[in-house]
Amino acid sequence: MAASLARLPTAAPSPRRSRRAGDRLWSVGLVAAGGAILLVAGLVILVLGRAAAPAFHALGVGRFLAGQDWDPVSGAFGALPFIYGTLVTSAVAILVALPVAVGLSLFLAEMGPPRLRPPVAFAIETLASIPSVIYGLWGLFVLVPWVRTTVEPLLGRLLGWLPLFTGPRIGLGYLSAGLILAVMILPTIAAVTQEVLRSIPPALKEGALALGATRWEMIRIAVLPTARAGILGATLLGLGRALGETMAVTMVIGNAPEIHASLFAAGYSLPAVIANEFAEATSPLHLSALAALALVLLGVTLVLNSAARVLVLLTSRRLGEAS
Amino acid sequence: MSAAPQASPTATKISVERLDAWYGATHAVRGVSLEIPDRAVTALIGPSGCGKSTFLRCLNRMHELLPSARAEGRVLLDGEDLLSGEVDPVDLRRRVGMVFQRPNPFPTLSIRDNVIAGFKLNGMRGGRAETVERCLRQAALWDEVKDRLGASPLSLSGGQQQRLCIARALAVEPEVLLMDEPASALDPIATARLEELIHELKERYTIVLVTHNLQQAARTSDQTAFFYMGELAEAGRTEQIFTNPRERRTEDYVTGKFG
Amino acid sequence: MRLRRRLADLAMTGLCALAVGVALVPLASLLWLVVSRGLPGLTPAFLLGRPAPVGDPGGGVGNGIVGTFLMVGLASLLAVPIGVGAGIFLAEEGDGPLGRAIRFVAEVLACVPSIVLGIVAYAVVVIPMGHFSAIAGAVAMALLMVPPLARATEEFVRLVPGTLREASLALGVPAWRTSLRVVVRTALGGITTAMLLAVARAAGETAPLLFTSLNNQYWNLRPDLPTASLTVQIFNFAISPYESWHAQAWSGALALLLLVGVLNLLARFAARDRLGGGSR
């Protein structure tokens with residue numbers, strides 16, 4: 001502290017007026033930087049709205065959103081296959097990632113030895129920092145073959161009576177995309193869940209143990225009910241990430257603008273079709289339709305993330321009251 | 001004193017022999033031996049950091065939940081050594097209930113479900129409604145909450161929440177009730193009610209009460225143990241500790257010269 | 001009954017431990033394959049060369065690495081002043097309605113999918129210029145970097161003790177110099193961490209580059225021309241039907257992983273150095 005004070009800039013000998021000017025300039029600069037963020041947000045909405053307007057005009061909002069055909073050459077633009085693919089892959093991702101993330105978080109926070117925490121936390125952070133194109137590469141050459149030769153036959157044999165697990169087993173499709181998304185959103189869900197678990201007052205857990213609860217019973221009656229809303233928030237944040245994820249999905253979903261009940265089938269997602277077609281869009285209407293897909297994606301993501309934030313906030317606020 | 005078939009007040013419920021407890025490098029309890037009589041209130045007093053809370057938490061093995069905590073010595077509950085490998089801490093904690101410094105009802109459960117939370121876990125028989133009423137009556141809370149058993153415990157005052165936690169502890173039918181400064185978060189009126197309750201509960205339960213409030217110890221307890229720097233400085237009948245202590249340190253403490 | 005409770009406890013503990021294992025398997029598999037398949041091809045010629053036509057031996061990602069550095073550099077020029085400035089604003093004057101609005105919007109922007117930001121960059125740069133360019137890619141990256149940068153900077157500047165600021169102001173140092181020389185300098189380790197993390201994220205980004213910087217088979221340092229990037233090259237190699245290109249995709253992935261990994265490690269060190277109280 002003393003050392004840094006010694007290096008304080010000495011009071012400028014400049015006249016007071018220039019000092020005021022300096023203060024004002026600095027402050028204007030900061031406000032401008034902050035304002036730039038608002039500007040960017042405005043720009044995102046304005047640009048997408050204007051770009052998407054022609055498509056909504058020409059096709060009609062309802063027909064666009066509910067349309068099942070996508071054929072830029074013949075001018076058919078229906079968004080449903082992409083919306084469906086995005087929702088289905090995200091749902092698979094959540095169903096797989098949520099139990100794993102919650103189990104992992106509980107083990108680290110409540111069950112396992114504390115010295116296990118730093119290395120596992122480091123590993124999970126590493127998982128979060130891997131670029132999505134590398135996930136795509138791994139998905140394409142490792143996950144997809146494994147899904148084709150192992151997962152799909154197994155599911156087909158066990159649950160083949162469900163329409164979800166029927167049809168040709170090609171590997172590329174909803175299932176692979178959902179699984180790779182599960183790996184990618186796991187760090188998000190796990191990180192937020194652990195934060196929520198850490199915010200639970202220890203007194204609550206001791207209260208359960210003092211009644212003669214086993215560790216799992218303590219988790220069941222004191223930890224999970226208290227953390228429920230927070231874990232839901234973590235899930236929605238993960239879902240938000242899954243919806244917008246582009247490269248890894250593009251590389252393993254099969255890129256077929258179709259709707260299938262079976263998870264084994266090839267499909268398409270909102271970000272994937274934008275990534276594949278935007279640079280080579282053939283007509284203004286095609287470009288506009290892609291922008292409209294982006295607008296749909298943006299809307300869904302924003303709603304989900306706001307809901308997630310509110311839930312996490314409510315949990316911590318209620319815990320604040322309880323303790 | 002009633003002539004009911006009650007164990008004599010001098011029968012020992014818990015016998016602690018040469019107990020040492022650590023957390024991390026801190027040697028919090030040093031060679032403490034203490035006899036805790038059945039159906040009486042034993043107060044543990046002493047300046048903060050003197051080891052009285054750690055001692056208390058050894059009696060239901062909550063101490064070992066802290067990372068790097070350990071305890072050595074013997075704690076005999078009805079002659080059975082709690083610290084030996086044979087006693088399961090989960091079973092033990094049903095027999096030795098605990099009430100904490102701050103009321104900690106489960107916020108997501110209703111008042112009713114809070115009372116029977118432990119009861120359900122232990123798979124105990126008997127009517128749940130009767131248990132809820134019996135325990136809330138014992139905890140002197142029944143009249144205040146009988147019309148809103150389904151409400152959240154967070155709608156109760158601090159004193160009510162603390163009595164709810166007592167009801168919750170009573171529902172598993174413990175033999176001993178440990179109280180760790182149960183009035184520290186309560187106002188004087190709620191504290192007075194709690195002390196009355198302690199007085200009623202000692203008819204059925206062995207109570208060990210940690211308190212930093214000397215008057216409270218004097219008012220509620222039959223036996224008082226004075227802890228100092230992790231050691232048991234003196235223990236005896238409450239009246240004797242407060243009026244005629246043998247130790248100089250005890251005298252200084254109870255007369256307010258330090259602590 | 002007692003046995004059943006104990007078994008339930010054991011089973012759930014086992015399941016949760018299993019979850020840790022399940023979470024770590026993909027990471028181990030991914031790292032192992034990227035290293036084992038990527039290492040043989042990770043030669044100087046690969047890192048310094050440019051892509052060769054299919055069938056020709058050799059070929060590399062040198063121009064992609066240069067393009068990534070070029071665009072990340074340009075993006076940082078745009079994003080760092082805005083992000084850090086906004087962060088300082090939020091920390092020092094951000095408790096009013098404007099500050100709250102900016103903080104909220106920054107958080108919302110941070111979760112906008114990167115591909116959507118790519119479309120914005122396309123609209124504001126590619127369309128006016130009439131063609132794809134490194135600048136457009138850099139703008140897309142900058143849009144992605146600003147919100148997290150602003151929030152992280154705010155957190156770190158808020159950590160600077162108020163007494164330090166008051167000490168400086170009491171010496172007669174003007175507010176702006178206090179902010180810049182005392183507050184920002186004290187928070188510099190944290191801000192550096194935030195910048196490195198933002199750069200790492202931008203360097204690994206692919207989707208918005210597909211229609212902003214596009215790609216380029218040749219060396220390019222001109223910001224106004226389409227530019228190759230390591231990530232887009234990996235993508236193109238990976239989805240091609242050729243074995244030799246697949247091998248190059250793995251080598252490129254290893255190079256990218258090393259780059260991102262080094263940036264993340266540096267970010268850790270930058271934070272640790274300051275927290276350790278290094279006053280040099």
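Chain naming here is simple, since letters A, B, ... match the order of the sequence lines and numbering starts at 1 in each.
Heavy atoms of C:Leu27 lying under 4.5 Å from chain A belong to its backbone as well as its side chain. Neither the backbone nor the side chain of A:Ile45 has a heavy atom closer than 4.5 Å to any heavy atom of chain C. Of the atoms belonging to A:Ala51, not a single heavy atom falls under 4.5 Å from chain C. The part of C:Val124 that comes within reach of chain A is its side chain, from C-beta onward, which places non-hydrogen atoms under 4.5 angstrom from that chain. Both the backbone and the side chain of A:Val100 come within less than 4.5 Å of a heavy atom in chain C. Within the 4.5 angstrom heavy-atom criterion, atoms from both the backbone and the side chain of A:Ile274 approach chain C. The contact between A:Val142 and chain C is made entirely by side chain atoms (from C-beta outward), counting heavy-atom distances below 4.5 Å. Heavy atoms of C:Ile82 lying under 4.5 Å from chain A belong to its backbone as well as its side chain. Proximity to chain A is absent for every atom of C:Leu15, based on heavy atoms less than 4.5 angstrom apart. Only the side chain of C:Leu143 comes within contact range of chain A, with at least one heavy atom under 4.5 Å from a heavy atom of that chain. The parts of A:Leu137 that come within reach of chain C are both its backbone and its side chain, each placing non-hydrogen atoms under 4.5 angstrom from that chain. In this structure, chain A has no heavy atom under 4.5 Å from any part of C:Phe237. Only the side chain of A:Thr301 comes within contact range of chain C, with at least one heavy atom under 4.5 Å from a heavy atom of that chain. Residue C:Val20 touches chain A through both its backbone and its side chain, counting heavy-atom pairs closer than 4.5 Å. Interface remark: A:Leu48 contributes side-chain atoms only to the contact with chain C (heavy atom separation under 4.5 Å). The contact between A:Ile37 and chain C is made by backbone and side chain atoms together, counting heavy-atom distances below 4.5 Å.
Between A:Leu104 and C:Leu24, every side-chain heavy-atom pair lies at or beyond the 4.5 Å cut-off. Proximity of A:Glu217 to C:Asp9: side-chain heavy atoms (C-beta onward) are nowhere separated by under 4.5 Å. Contact check for C:Thr13 versus A:Trp216: no side-chain heavy atoms found under the 4.5 Å cut-off. C:Pro26 is listed as a side-chain neighbour of A:Trp138, based on a closest heavy-atom distance under 4.5 Å. A:Ile130 is listed as a side-chain neighbour of C:Leu257, based on a closest heavy-atom distance under 4.5 Å.
Under the 30°/60° scheme for interplanar angles, the aromatic rings of C:Phe211 and A:Phe278 are found to be tilted.
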